[in-house]
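Remember, it's a predicted structure, so these values are computed and weren't measured experimentally. Start at 1 with the first residue, then count along the sequence. For the numbers below, each heavy atom of this structure counts, side chains included, while hydrogens, waters and symmetry mates do not.
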Amino acid sequence: MAAVLLVDDDVELAEMLGDYLAQDGFQVTTVHDGASGVDAALSGNFAIAVLDVMMPRLDGWQVCREIRKKSNCPIIMLTAKG
């Protein structure tokens, strides 16, 4: 079972996405702010990280840059922007 880190400040949306991923056999861990997302991603416990682009304080792009400084963990950027 692949471990997925989901980083999204929208609790309801993150819960829905986490449920969908879990139904497909993924082990999902969700955090709701960028700093926690960086810490979790750098733990080495995840096969992939899914990052929301638009988060307060530390946004998804900043989180991605911080992760990339120390890890090659695959990252998917999630956005509602057009």
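When all heavy atoms of Ala80 and Met54 are compared, the pair lying nearest together is CB-CE, 4.4 Å. The two residues Phe46 and Val4 make their nearest non-hydrogen contact at CD2-C, 3.6 Å. Listed here is the closest heavy atom pair of Met55 and Gly60: CE-N, 3.9 Å. Residues Ala35 and Leu58 approach most closely at N-CD2, 3.5 Å, considering heavy atoms. In plain terms, the two heavy atoms of Thr79 and Val53 that are nearest each other are CB-CG2, 3.7 Å. Counting all heavy atoms, side chain and backbone alike, Leu5 lies closest to Gly37 at CD2-O, 3.6 Å.
One finds the CD atom of Gln27 at 12.0 Å from the CG atom of Leu21 (value rounded to the nearest 0.5 Å). The line from CG of Asp33 to CG of Asp39 is 8.5 Å long, rounded to the nearest 0.5 Å.
Contact check for Asp8 versus Leu17: no side-chain heavy atoms found under the 4.5 Å cut-off. Proximity of Glu15 to Glu12: side-chain heavy atoms (C-beta onward) are nowhere separated by under 4.5 Å. The shortest distance between side-chain heavy atoms of Arg68 and Ile75 falls below 4.5 Å. In this structure, Met16 and Asp19 have side chains that are not in contact, with every pair of non-hydrogen atoms separated by 4.5 Å or more.
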